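In what follows, a single structure is set out as structure tokens and then discussed.
Since we're looking at a predicted model, the values are computed, not measured. In what follows, every chain begins at residue 1, and chains take the letters A, B, ... in the order their sequences are listed. All heavy atoms count here, side chains included; hydrogens, waters and symmetry mates do not.
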Amino acid sequence: MQDYNEMLQFLDKDGKLSDDAPDIAHQFDTLLKLYKAMVTIRTFDHKAIALQRTGKMGTYPSILGSETVSVIAGAVLDKNDVFAPYYRDQGTQYLRGVTLTEMFQFWGGDERGNNFHNCKYDFPCSVPIASQALHAVGAAFALKHHGKNNCALVSLGDGATSQGDFYEAMNAAGALKLPVVFLICNNKFAISTPIEKQTFCKTLAQKSIAGGFDGLIVDGNDPIASYYVVKQAIEKAKKESIPVLIEAITYRLSDHTTADDALRYRTQEELDNAWLKDGVNRLKNYLIKNSIINQHDVENILSDAKTEVKEAVEKYLQIQLQDVEDLFDYHYANIPTILAEQKMELKNV
Amino acid sequence: MQDYNEMLQFLDKDGKLSDDAPDIAHQFDTLLKLYKAMVTIRTFDHKAIALQRTGKMGTYPSILGSETVSVIAGAVLDKNDVFAPYYRDQGTQYLRGVTLTEMFQFWGGDERGNNFHNCKYDFPCSVPIASQALHAVGAAFALKHHGKNNCALVSLGDGATSQGDFYEAMNAAGALKLPVVFLICNNKFAISTPIEKQTFCKTLAQKSIAGGFDGLIVDGNDPIASYYVVKQAIEKAKKESIPVLIEAITYRLSDHTTADDALRYRTQEELDNAWLKDGVNRLKNYLIKNSIINQHDVENILSDAKTEVKEAVEKYLQIQLQDVEDLFDYHYANIPTILAEQKMELKNV
Amino acid sequence: MSSVTLIDAINLALQYEMEQDPNVVLIGEDIGLNGGVFRATQGLQEKFGENRVIDSPLAESMIAGMSIGMSTHGLKPIAEFQFMGFIYPAMNQIISHACRMRNRTRNRLTCPIVFRAPFGGFIHAPEHHSESTESLFAHIPGLRVVIPTSPERAYGLLLAAIREPDPVLFLEPKRIYRLHKQEIDNNGIALPLDTAFILREGSNITLISFGASIVETMQAAQELEQYNVSAEVIDIATIKPIDFETILSSVEKTGRCVIIHEAAKSCGVGAEIAATIAEKALTSLLAPIRRITGYDIIMPYYKMEKHNMVSTTKIVQAAKETMEY
Amino acid sequence: MSSVTLIDAINLALQYEMEQDPNVVLIGEDIGLNGGVFRATQGLQEKFGENRVIDSPLAESMIAGMSIGMSTHGLKPIAEFQFMGFIYPAMNQIISHACRMRNRTRNRLTCPIVFRAPFGGFIHAPEHHSESTESLFAHIPGLRVVIPTSPERAYGLLLAAIREPDPVLFLEPKRIYRLHKQEIDNNGIALPLDTAFILREGSNITLISFGASIVETMQAAQELEQYNVSAEVIDIATIKPIDFETILSSVEKTGRCVIIHEAAKSCGVGAEIAATIAEKALTSLLAPIRRITGYDIIMPYYKMEKHNMVSTTKIVQAAKETMEY
Ligand SMILES: Cc1ncc(C[n+]2csc(CCOP(=O)(O)OP(=O)(O)O)c2C)c(N)n1
Ligand SMILES: Cc1ncc(C[n+]2csc(CCOP(=O)(O)OP(=O)(O)O)c2C)c(N)n1
Ligand SMILES: [Mg+2]
Ligand SMILES: [Mg+2]
């Protein structure tokens, strides 16, 4: 493993595989699994936006354009690793075991969506930018302290690399020699702010130098390179008990959230160009080219995804509202008198 | 100018000047002036500790061991540049025009010590670690905005490089292309925490890469190299309107403050070794070697310094306490009713 | 004269003062081309350029800290925090520096900064987008905290905040950003920063509120008429310093009072108002002071947040109970 | 039994619980070899090793943020902030995460963290070393705030804080760290986290305080005897939640009360106490509630700080005026 100043890519946007491609390029079972997950997430995403538009969900941040690396991180992480997501990590969360229903529920304004039933030790999405990086460092400390050979992976946006917490986390993870993978999803924008206004750095990977450890750049839309890099990073982090940073280059193909209108600050042309690099299509074409799937399979996969999402939506829409008690009951293990009183007060309204 | 991974040094600890030494090595007027200032600051420092020990001043952070680079920064800065000090910057402050009396007064627990009469636009010492870095960036923005060809210089300790504000300042100064010099005084300790526990980085200079700009390392006890590097950095910052970082390697020859006992966490031997590299002695020997001063001059310089410090102490000790009104009158330009009432209340106690 | 919403009024005031004073600059996340997430700064970068409307990197401590350096060196920054829930990374800079610079330098360096932040709940936004933690700031010496509740007051108070030589936290009740329009004259006239507004005169009870809850408070006052209760409504508007003169003389007149705010009850601003009334107007009180506020809980995610909102019904009921006491 | 100071008691409690519970770890600046700037953790690194007594890099947001990750993943971190004046960089982590994790995950992830910080003035320290901003934290849902005022209570309350399954801000009145010694039994018995302490019974007036001001409050109670005033003294000890049962029943008995704290008055914890008394015990009040507190100012540098301190004289005077009302 080495520092990269150049973006690692094996499968280029036109579907050409480079000669030095790693093993994963031929592990078609895995790739197919990844593809299916990506399609599911893209379908989920589409539906989430539709639910928002029809008033059945609130503000939602689409992951369109970053599914590839997001899904891959979920695939590579071990069950006993810890994941500290930001809010645009549906792909990773899905493969960690967060159910689509839980995701709808969370974005639907219901805390219970964070009560993950299949990955009890993952963090919920963090809204305050970069703050979750420190939680990952703390979790990695706990893992190491308890003698586990696991790591914590934290994901962040490009904008997050301007926040103090991101650097404090890198520095501490380095100083305390903790197995933390910093996965930066550089989708080129922080809401409307383009990466050029965010930093004077040529790459975000170089920021890892401030923590004293390696930083790699990968084409986050290249499934082969992303898988390879994320896997290496996680292995290195665990083996050497040391942090690693990955900058995954993607592009936000959607508005920032359903409350945003990206055409205020970027052109349709730029967006159209970015679509040409889309990772999900790239993987699909690669699988077709290698005769792993055909057009018919593609349609089946999509329809399976639709079914899965539809079922999740149905479940979501059937969820009963919480009791008003729930507003009070999760603040403390031992509820203080004043809260108990206020709870009674509300119940009597 | 280039990135240094190695510490720049021209005058080594044994007083040997390297062949490629820059002009400043022969600008003896300047060097003599610097030497005098260093002696004054060392004398001031000594006295400040004595005043603390005798109950005439509170907690005080000695600058012993970092006078060289501190004085040099003050000498190189232009009057219209802006200085944002941390709390161990007596050398720079002195040459900026902060009077010794003002310094005694500040460390003597009196806000009026911050009302600098000769450098009205410099910031006062900042106690919350690294926070002042952002003020320097803001001031640099204002300077540039008003079309001035000046820079802001912020000094920080090595410990300060773990704080988020330090990185946020670097990143913003880079992104906004502002003339800011980050001068890190790496005296090897943050109170008891050695630099090895502070970060996994080999150097602190490399942290500038996270801001996208150059970082240099200099022997902060080498007056020739320090002068050369600080001057180049300031010039570059102004000329290119860009930040630059300097890591000045020194060693804290004193306790952290008068409230600390460094022998709890480091050995006398380590301290004795560090004394061998002392910059003030190094400059003295160099000046003597070049026949700029002789032993007699050395004594005169010291005795002048003592006189200057003594006068400052006398002035300090004669300062009347503030009126109790002063507790209220500097919070707002327009005093709110409640404060006016509380002021009356206190006056009537 | 033009008919504008509260958020339009903010935009107008910003624009007015930027035209008058070349040292006024705006800094914040996405405030340029995008005009801010609520469009408060819409059109201003186009008009005043990137040097006066600065799209900053994403870092709140930096935004506050840079504003400090800008303000001590001749500029008048108006810093936008995207939501009040994201102001916490800037607490150190605000508390330890912006509010202290004047005092620690005995007037030498000062921080004429306006920190703007939308606050309050019930816009169905994700977590951290519904904060009302104004009382944290109302405790901080050296700061002013101002909250407008109408387009007119938004315009006049923001102008005053910008012209004030000290840091002002200007909290904007986002729920009522676009609630209704009002005719305002873009005449550059500021309102005072230490005077509460009597929105409605009354003789039986004083309802004291601020922020978006003013809406429910005014509705409650209206409803109380049915019960022959004449309610006086005070919008305290300046949370620090609070205009106790207006409050006390009203309570002395009515003898009864209900304090209303959206923030959590314990150690909220309502506590200070109640405490001061109890200190200075105890003998005028004909009934205990009531506080109708948010519960001492984290703002629920939006599916349930309405339960934590102050409602007209709750205010009316508290007022009636106070009357019947 | 050993005779110890307040700071010794803290050390003892830390040591006791570290021995009992291998998941208890300490994290902070200079807490290892150096034993912390006040020596609260003296000897603990030697005893428990660098993995349980972690000398952290210098970054408070990091200390709080790491503690969150540690606590959600099986450890019980006790984080030290060197002074309360340096806690502000950690506000975002404390408010937005430590206090919210349980609620937002419906009990799935929890944050049993103790945040320790020395607070209060009059130790002649430089700027930012004399803060009393406890009311900022007392407003935050999900947090507990605890302040001991004797070696015994420091020991028992700290043990309780460590064992509590939720975040506790444990504020240590540094002025009285070494004021006097007390015999304490190192028996691992914790005190409740929601109960005020009646330090002195009395029948004429209730003096309510917390933190170092307890010293002056007790002196005042003593002095008041000369004037035949029998003062009850309550150390509220838990600033959040406050034990209003004890407070209200005392005020109902005495009918008079003075609240004392070092922090600035406006929106201080005293406001909440006064407001609640005014709400729930108005009819018992024979005189207005008085607050004797710091002024609404920045703590002066130490040459003048005494003027901002609560004094026995001021308390006695306020109590006498209250009695004569
Ligand atoms: C501390 C903080 N400040 C501001 C925001 C508002 N905000 C939400 S997302 C966002 C942009 C984040 O950009 P980036 O990190 O690049 O992630 P992306 O959304 O592009 O995936 C901002 C400013 C926030 N959530 N937290
Ligand atoms: C935000 C903050 N946290 C903690 C402290 C307490 N403190 C004062 S000096 C210091 C160490 C600073 O070390 P360094 O930056 O290396 O500077 P030095 O004192 O060695 O010159 C600490 C932790 C502080 N002043 N500010
Ligand atoms: Mg982005
Ligand atoms: Mg140091």
Side-chain angles (χ1 to χ4, degrees), chain B residues 82 84 106 110-117 120-128 130-146 148 152 154 163-165 167-169 171-176 178 180 322 326-339 341, chain C residues 22-23 25 27 51-52 54-75 77 89-90 92-93 95-97 99-113 141-144 164-167 192-194 238 240-245 276:
Chain B
V82 172
F106 170 73
D110 184 336
E111 291 85 351
R112 292 171 299 177
N114 277 331
N115 191 1
F116 309 151
H117 288 82
K120 290 194 186 297
Y121 293 99
D122 275 6
F123 290 97
C125 295
S126 173
V127 172
S131 56
Q132 74 281 6
L134 289 163
H135 310 163
V137 178
F141 185 95
L143 291 170
K144 187 173 179 181
H145 193 83
H146 289 127
K148 307 235 175 84
V154 56
Q163 284 279 5
D165 276 3
Y167 298 97
E168 292 191 6
N171 186 65
L176 297 166
L178 298 175
V180 183
Q322 299 176 72
D326 289 13
L327 268 63
F328 300 87
D329 285 351
Y330 298 95
H331 281 66
Y332 302 92
N334 308 307
I335 190 169
T337 313
I338 187 161
L339 267 197
E341 282 169 13
Chain C
N23 285 320
V25 296
I27 181 167
N51 283 327
R52 291 188 67 198
I54 307 149
D55 272 317
S56 79
L58 205 176
E60 285 75 13
S61 185
M62 184 273 286
I63 291 172
M66 266 195 72
S67 297
I68 291 164
M70 291 158 89
S71 66
T72 51
H73 286 76
L75 295 176
N92 190 38
Q93 289 291 347
I95 297 178
S96 301
H97 290 301
C99 299
R100 290 189 178 222
M101 200 57 89
R102 176 188 292 280
N103 185 63
R104 73 155 67 98
T105 64
R106 304 279 103 167
N107 277 348
R108 184 170 63 82
L109 296 176
T110 58
C111 293
I113 307 170
L143 190 62
R144 289 176 186 272
E164 189 66 15
D166 291 297
L193 286 184
D194 56 1
T238 64
K240 186 181 185 73
I242 294 173
D243 171 11
F244 276 113
E245 213 180 301
T276 301

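- Both the backbone and the side chain of B/Ser131 come within contact range of chain C, with heavy atoms under 4.5 Å apart.
- Between chain C and the options B/Leu176, B/Leu339, B/Asn334, B/Ile338, the largest number of non-hydrogen pairs under 4.5 Å is found for B/Asn334.
- In this structure, chain B has a heavy atom under 4.5 Å from the side chain of C/Ile54, while its backbone stays farther away.
- B/Asn115 touches chain C through backbone and side chain together, each having a heavy atom under 4.5 Å away.
- Options C/Leu58, C/Asn107, C/Asp194 differ in how many heavy-atom pairs under 4.5 Å they form with chain B, and the most are formed by C/Asn107.
- Heavy atoms closer than 4.5 Å to chain B are found in the side chain of C/Asn23, but not in its backbone.
- Only the side chain of B/Ala175 comes within contact range of chain C, with at least one heavy atom under 4.5 Å from a heavy atom of that chain.
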side-chain contact (heavy atoms from CB on, under 4.5 Å) evaluation trace for C/His97 with B/Gln132: CA-CA 9 Å; C/His97 290 301; B/Gln132 74 281 6; 5.8 Å; no
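- The parts of C/Asn103 that come within reach of chain B are both its backbone and its side chain, each placing non-hydrogen atoms under 4.5 angstrom from that chain.
- Interface remark: C/Pro22 contributes backbone atoms only to the contact with chain B (heavy atom separation under 4.5 Å).
- For C/Pro141, the parts lying near chain B are the backbone and the side chain together; criterion is any non-hydrogen pair under 4.5 Å.
- Looking at residues two or more places apart in sequence or on another chain, you find a salt bridge (charged side-chain N to carboxylate O under 4.0 Å, His left out) between C/Arg144 and C/Glu164.
- Closest approach of B/Ala152 to B/Leu143, counting heavy atoms only: N-CD1, 4.3 Å.
- Taking each heavy atom of B/Pro124 and B/Phe116 in turn, the nearest pair found is CA-CZ, 3.9 Å.
- Contact annotation for C/Ser96: only side-chain heavy atoms (C-beta onward) come within less than 4.5 Å of a heavy atom of chain B.
- Using a 4.5 Å cut-off between heavy atoms, B/Val82 contacts chain C through its side chain alone, with no backbone atom that close.
- For B/His145, the ring pair (Phe, Tyr, Trp, His ring centres under 6.0 Å) partners at least two apart in sequence or on another chain are B/Phe141.
- Two residues are said to be in side-chain contact when any heavy atoms from C-beta on lie closer than 4.5 Å; C/Met66 and B/Leu178 meet this criterion.
- Per-residue counts of heavy-atom pairs under 4.5 Å with chain B were compared for C/Ile68, C/Asp243, C/Asp166; the largest is that of C/Asp166.
- No more than 12 heavy atoms of other residues, nucleotides or ligands shown are found within 6.0 angstrom of OH on B/Tyr121.
- For the set C/Leu143, C/Val25, C/Asp55, C/Thr238, the entry with the most heavy-atom pairs within less than 4.5 Å of chain B is C/Leu143.
- Using a 4.5 Å cut-off on side-chain heavy atoms (C-beta onward), C/His73 and B/Phe123 make contact.
- No donor-acceptor pair under 3.5 Å is formed between the side chain of C/Arg104 and the backbone N or O of C/Leu109.
- Comparing C/Lys240, C/Met62, C/Glu245, C/Arg102 by heavy-atom pairs within less than 4.5 Å of chain B, the highest count is held by C/Arg102.
- Using a 4.5 Å heavy-atom cutoff, the side chains of B/His331 and B/Pro336 are not in contact.
- Residue contact with chain B, scored on non-hydrogen atoms closer than 4.5 Å, involves the side chain of C/Asn92 exclusively.
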